[in-house]
Visitor: 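Questions regarding the structure given below will be posed in turn.
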Amino acid sequence: FNPEYIMSEYSLIYIHIAQIIAGLTGPMVLSPPSKLSVIWFPSNQRVLATALASGSNTFGTCLGFILGPLVVTKSTDFPHL
């Protein structure tokens, strides 16, 4: 464990840059389900289609958090764990 590796003088700048990038990509990831449901589904099915598509995004994120520890079981599997 190397504290200098985690906390450097640029850490706050890196965090801000990452948050800005995440904020800019959010609309590109979260808005297509509603647009696609308008194009592909009749009006009585749009709410369900939008809900399933938006929920699958969150489900994929949860799945990543669940599968991560199953794939990387010991610190030698990932050099900076």
Side-chain angles (χ1 to χ4, degrees):
F1 180 72
N2 186 358
E4 289 92 27
Y5 177 75
I6 294 174
M7 294 300 295
S8 71
E9 60 186 274
Y10 302 108
S11 294
L12 187 60
I13 294 170
Y14 294 147
I15 291 170
H16 283 297
I17 290 171
Q19 287 294 319
I20 290 169
I21 292 171
L24 291 173
T25 60
M28 290 181 264
V29 172
L30 298 175
S31 64
S34 59
K35 180 69 174 173
L36 291 175
S37 68
V38 167
I39 294 170
W40 287 349
F41 294 96
S43 61
N44 63 336
Q45 295 177 348
R46 287 183 190 154
V47 173
L48 179 62
T50 304
L52 289 175
S54 298
S56 65
N57 184 10
T58 306
F59 177 72
T61 303
C62 294
L63 195 61
F65 279 109
I66 292 170
L67 291 178
L70 297 175
V71 173
V72 181
T73 56
K74 51 187 179 292
S75 62
T76 57
D77 292 341
F78 191 72
H80 297 294
L81 185 62

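Predicted model, so just to flag it, every value in this text is computed and none were measured.
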Visitor: Mind checking what makes side chain to side chain contact (heavy atoms under 4.5 Å, CB included) contact with Leu67, not counting sequence neighbours?
Guide: Leu63, Leu70
Visitor: Can you name the nearest heavy-atom pair linking Pro27 to Pro32, along with the distance?
Guide: O-CD, 3.9 Å
Visitor: Quick check on the hydrophobic clustering: are Leu36 and Phe41 connected, directly or via other members, by side-chain heavy-atom contacts under 4.5 Å?
Guide: yes
Visitor: Give a yes or no on whether Tyr14 and Ile21 share a hydrophobic cluster (residues Ile, Leu, Val, Met, Phe, Trp, Tyr; joining criterion: side-chain heavy atoms under 4.5 Å apart).
Guide: yes
Visitor: Any chance you could pull the hydrophobic cluster mates of Leu24, using side-chain heavy atoms under 4.5 angstrom and chaining through other members?
Guide: Ile20
Visitor: Considering only residues two or more places apart or on different chains, which pairs with a residue in residues 27-52 satisfy side-chain hydrogen bond (donor to acceptor under 3.5 Å, both in side chains)?
Guide: Ser37-Thr50
